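Down below is the structure, laid out as structure tokens.
Here is the naming used below: chain letters follow the sequence lines, and residue numbers restart at 1 for every chain. Predicted model only: the values in this text are computed from it and were never measured.
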There are 2 protein chains.
Amino acid sequence: MLKQETLSKNQRIVLDFIEKVNEPIKAYSILHNVQKKGIKAPLQVYRALDKLVEIGKIHKIESRNAFVACKNSNCQISKATAFSICESCEEVSEISDSKLSKYLKNFQDKAGMKFNKYNLEFFGLCKKCSIK
Amino acid sequence: MLKQETLSKNQRIVLDFIEKVNEPIKAYSILHNVQKKGIKAPLQVYRALDKLVEIGKIHKIESRNAFVACKNSNCQISKATAFSICESCEEVSEISDSKLSKYLKNFQDKAGMKFNKYNLEFFGLCKKCSIK
DNA sequence: TTACACAATGTTATATTATAACAATTAACA
DNA sequence: TGTTAATTGTTATAATATAACATTGTGTAA
Ligand SMILES: [Zn+2]
Ligand SMILES: [Zn+2]
Ligand SMILES: [Zn+2]
Ligand SMILES: [Zn+2]
């Protein structure tokens, strides 16, 4: 079987919702919002999320246990992700900076470990929250 | 009241254990292991963990929901952390690389956000697991 | 087209991680 | 000593995530 090109029904429902809200959202919040579409159980959501993460359509914000649609040409299938997170209003944006991603992709640690993926989360105050 | 210099009883118990195991460990695993010391409830562990993270004695590995002792002069009180994680054996090590930390501390995103903290997790295969 | 393999679904139950709420005790300090 | 904040103890519960198993759908090739 070749790599799937089209999303399954549940994957489509979950992705459509995540793309619509356009900000990080939690699994159970997704569940509550797609129950009208026929998705009834957490597992149905988590299975769709797993697949969507795997194919790079969404990312997990690990420090927040939340999921967000990829804004960045699918981030080489989810292997290189960077986010900025406002600790005041919880606004999250995906960082798209070729210099940064090049630097990190080429980073070599002293133990000689071979990396195939990274996730970077910056925390601070967004412009709006800085003013206050 | 000045900033506390000594750890409280529960904080000491939890930190001693985390330093002893010397690898990432989960909150409930800590709980099971320190019950003989009189810590009986999850909250007692989580409260100690919160404080220890805050003062930079330990870090949370967000992608694993696990905690590990800091190896790196307390990482400027936990504001700049980087780890390498083997996806096969789950070995985690803290990265201490002054070039990397300098690069990330000075990173400026396009939205002009003011960062005060970051966390970076690299994933891949450690040397041992690469051979297999 | 039929048989196979694998992906996806549906469903119930349960595991794991983390916090709320409130009372009591301890530690720092003016 | 009186005051304040930090810490503790305790019970209950919230929030996040997976196990297990039966069933159905889909792409592939003989
Ligand atoms: Zn992306
Ligand atoms: Zn903000
Ligand atoms: Zn550290
Ligand atoms: Zn390994």
Q. Tell me: NZ of B:Lys37 to P of D:dG9, nearest whole Å?
A. 15 Å
Q. Are B:Gln44 and B:Val14 close enough that some pair of their side-chain heavy atoms sits under 4.5 Å apart?
A. no
Q) Linking Ile, Leu, Val, Met, Phe, Trp and Tyr through side-chain heavy atoms less than 4.5 Å apart, which residues share a cluster with B:Tyr103? A) A:Ile95, A:Leu100, A:Tyr103, A:Leu104, A:Phe107, A:Met113, A:Phe115, A:Tyr118, A:Leu120, A:Phe122, B:Ile95, B:Leu100, B:Leu104, B:Phe107, B:Met113, B:Phe115, B:Tyr118, B:Leu120, B:Phe122
Q) CG of A:Leu7 versus P of D:dG25: gap in Å, rounded? A) 19 Å
Residues 25-38 of chain A side chain polar contacts: donor-acceptor under 3.5 Å, at least two apart:
| unit_1 | atom_1 | unit_2 | atom_2 | d |
| --- | --- | --- | --- | --- |
| A:Lys26 | NZ | A:Arg64 | O | 3.2 |
| A:His32 | ND1 | A:Tyr28 | O | 3.0 |
| A:Asn33 | ND2 | A:Ser29 | O | 2.7 |

Q. Heavy-atom distance under 4.5 Å between the side chains of B:Asn10 and B:Arg47, does that happen here?
A. no
Q | Whole-Å distance separating the CZ atom of A:Arg12 from the P atom of C:dA8 | A | 14 Å
**Q.** Side chains of A:Lys128 and A:Glu91 in contact at under 4.5 Å (non-hydrogen atoms)
**A.** yes
Q) With side chains defined as the heavy atoms from C-beta onward, is the minimum distance between B:Ile61 and B:Glu121 less than 4.5 Å? A) yes
Q | Check ion pair B:Lys20-B:Asp16 (N to O, under 4.0 angstrom) | A | no
**Q.** Close side-chain approach of A:Cys126 to A:Ser88, heavy-atom, < 4.5 Å
**A.** no
Polar atom pairs between nucleotides 11-17 of chain C and protein, under 3.5 Å, N or O only, would you list them?
| unit_1 | atom_1 | unit_2 | atom_2 | d |
| --- | --- | --- | --- | --- |
| C:dT17 | OP1 | B:Lys26 | NZ | 2.4 |

Q. Is the phosphate of C:dA8, meaning OP1 or OP2, less than 4.0 Å from a side-chain N or O of A:Lys51?
A. yes
Q) Are any of B:Ser8's side-chain N or O atoms less than 4.0 Å away from OP1 or OP2 of D:dT8? A) yes
Q. Between residues 13-21 of chain A and DNA chain C, which residues have a heavy-atom gap below 4.0 Å?
A. none
Q: Can you tell me the distance, in whole Å, between the CG atom of A:Leu49 and the P atom of D:dT16?
A: 12 Å
**Q.** Residue A:Lys9, side-chain atoms from C-beta onward, closest of D:dA17, C:dG10, D:dT7
**A.** C:dG10
Q) Whole Å only: how far is the CD1 atom of A:Ile30 from the C1' atom of D:dA15? A) 14 Å
Q. Are A:Thr6 and A:Arg12 close enough that some pair of their side-chain heavy atoms sits under 4.5 Å apart?
A. no
(Q) Once side-chain hydrogen bond (donor to acceptor under 3.5 Å, both in side chains) is applied, do any residues pair with B:Ser101, and if so which ones, sequence neighbours excluded? (A) none
Q) Does the side chain of A:Ser63 reach to within under 4.5 Å of the side chain of A:Ile85, using non-hydrogen atoms? A) yes
Q.
Distance check needed: D:dT8 C1' versus B:Asp50 CG, whole Å only.
A. 14 Å
Q. Angle, rounded to 10°, between the helical axes spanning five pairs at each terminus of the helix from C:dT1-D:dA30 to C:dA30-D:dT1?
A. 40°
